[in-house]
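Some notes on the structure that comes next.
Since this is a predicted model, take the numbers as computed values, not measurements.
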Amino acid sequence: MKIPDRRIELFTGTGSEGRFGGPATGDERAMLVAMLDAQRATLKLKCSGLEAELALRSVSPSSLSLLGLVRHLADVERRWFRAVLAGQDIELRFSSPETPEGDFDGSGPEPETVEESWAAWHDEVAFAEAFVTGAAHLDVEGQDAWRGTVSLRWVLIHMIEEYARHNGHADLIRERIDGAVGV
């Protein structure tokens, strides 16, 4: 057996090929959307083939889990695209002022929790994709209590950063669960 030269060769999950095949030149919106799509696909890849294991914690005392990341990123998508940019008066799905860590603390292994979490993430991603597609330009603005006025451009860049950061966590958690590694 040949020993892989790179860790990416060790990851056997489907969907890893072509994730980062978007444009590297040209239209700014197309590049930002493709990079965010690749980061979203990476999260799905890191969680592929798991069910109840998604709720396994990284290391004590951390509450970090793959399912917690899915729930957290559903709330992040919801906050930036629905609340800030679209101006909807909505609550987050999993976290609240009373339960600020609800995204992670509520990520149990029950099948209905896993299903509900993925459904929420898919709903929020679909809303965000539709919002970006329908936006007249990247300078569309929204108001945020933390950052003040933000543009769609800034939110897309922030979302890429948010996913990339948490996908690094997902790499480590997945490796701890079953040894799967890679980009």
Side-chain angles (χ1 to χ4, degrees), residues 32-33 35-48 50-135 138-174 177:
L32 291 171
V33 166
M35 188 59 68
L36 181 53
D37 287 346
Q39 293 297 329
R40 288 171 174 152
T42 298
L43 177 68
K44 287 180 11 183
L45 176 65
K46 294 301 163 190
C47 297
S48 67
L50 302 176
E51 294 296 327
E53 302 92 346
L54 289 168
L56 293 175
R57 306 301 186 192
S58 58
V59 290
S60 186
S62 175
S63 62
L64 201 61
S65 69
L66 289 172
L67 190 60
L69 290 173
V70 170
R71 293 161 60 94
H72 172 71
L73 289 164
D75 272 356
V76 171
E77 296 263 4
R78 185 173 179 87
R79 176 175 182 260
W80 288 110
F81 290 102
R82 285 189 195 266
V84 173
L85 290 174
Q88 293 181 0
D89 184 20
I90 48 94
E91 300 295 323
L92 297 179
R93 289 179 180 250
F94 303 109
S95 298
S96 69
E98 298 78 34
T99 58
E101 297 294 321
D103 44 4
F104 291 100
D105 293 343
S107 60
E110 303 79 19
E112 58 275 2
T113 302
V114 173
E115 184 179 324
E116 171 199 16
S117 301
W118 276 116
W121 183 79
H122 284 287
D123 287 349
E124 297 308 329
V125 167
F127 180 89
E129 289 173 339
F131 183 89
V132 172
T133 298
L138 293 175
D139 293 322
V140 168
E141 294 180 346
Q143 293 301 312
D144 178 60
W146 170 52
R147 293 290 301 187
T149 302
V150 297
S151 68
L152 173 56
R153 176 183 291 104
W154 184 88
V155 169
L156 288 169
I157 292 167
H158 176 65
M159 291 301 297
I160 292 165
E161 175 272 331
E162 184 83 10
Y163 271 92
R165 176 174 168 253
H166 291 310
N167 283 336
H169 298 133
D171 278 337
L172 298 172
I173 297 168
R174 180 62 189 254
I177 290 171

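A donor-acceptor contact shorter than 3.5 Å links the side chain of Thr133 to the backbone of Glu129. In this structure a side-chain-to-backbone donor-acceptor pair under 3.5 Å is missing from Thr99 to Glu101. The backbone N or O of Gly102 lies less than 3.5 Å from a partner atom in the side chain of Arg71, making a donor-acceptor pair.
Around the CD atom of Glu51, the shell of radius 6.0 Å holds no more than 12 heavy atoms that belong to other residues, nucleotides or ligands. Summarising the local packing, CD of Glu110 is surrounded by more than 12 heavy atoms from other residues, nucleotides or ligands at distances under 6.0 Å. Within 6.0 Å of atom CD in Glu91, 12 or fewer heavy atoms from other residues, nucleotides or ligands are found, so the atom counts as exposed in its surroundings.
Between Val150 and Glu141, every side-chain heavy-atom pair lies at or beyond the 4.5 Å cut-off. Counting heavy atoms from C-beta on, the side chains of Thr113 and Ser117 come closer than 4.5 Å. Counting only heavy atoms from C-beta outward, the side chains of Leu85 and Val155 approach each other to under 4.5 Å. The closest side-chain heavy-atom distance from Leu54 to Ser65 is not below 4.5 Å. Inter-residue side-chain proximity for Arg174 and Ser48 is flagged as met; some heavy-atom pair is nearer than 4.5 Å. You'll find the side chain of His122 stays beyond 4.5 Å of the side chain of Val125, heavy atoms only.
The CG atom of Asp171 sits 10.0 Å away from atom CG of Leu66, with the distance rounded to the nearest 0.5 Å. Here CG of Leu43 is found 5.5 Å from CG of Asn167. Values are rounded to the nearest 0.5 Å. Remark: Glu77 CD to Leu92 CG distance equals 12.5 Å, nearest 0.5 Å. Taken from CE in Met159 to CZ in Arg40, the straight-line distance is 6.0 Å, to the nearest 0.5 Å. Here the CD1 atom belonging to Ile173 is positioned 11.0 Å from the CG atom belonging to Leu50, to the nearest 0.5 angstrom. Atom CZ in Arg79 sits 9.5 Å away from atom CD in Glu162 (nearest 0.5 Å).
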Side chain to side chain contact (heavy atoms under 4.5 Å, CB included) assessment of Asp103 paired with Leu69: CA-CA 8 Å; Asp103 44 4; Leu69 290 173; over 6 Å; no
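The ring-ring contact (aromatic ring centres under 6.0 Å, His included) search around His158 returns Trp80, Trp154, not counting sequence neighbours.
Among the candidates Phe104, Tyr163, Trp121, the single residue satisfying the ring pair (Phe, Tyr, Trp, His ring centres under 6.0 Å) test with His72 is Phe104.
Under 4.0 Å is where a charged nitrogen must lie from a carboxylate oxygen, and between Glu124 and Arg93 at least one such pair does.
With 3.5 Å as the limit, one finds a donor-acceptor pair spanning the side chains of Ser107 and Arg57. Side chains of Gln143 and Thr149: a donor on one and an acceptor on the other come within 3.5 Å.
In this structure, Arg82 is positioned above the aromatic face of Phe127, its NZ or CZ under 6.0 Å from the six-membered ring centre and within 45° of the axis.
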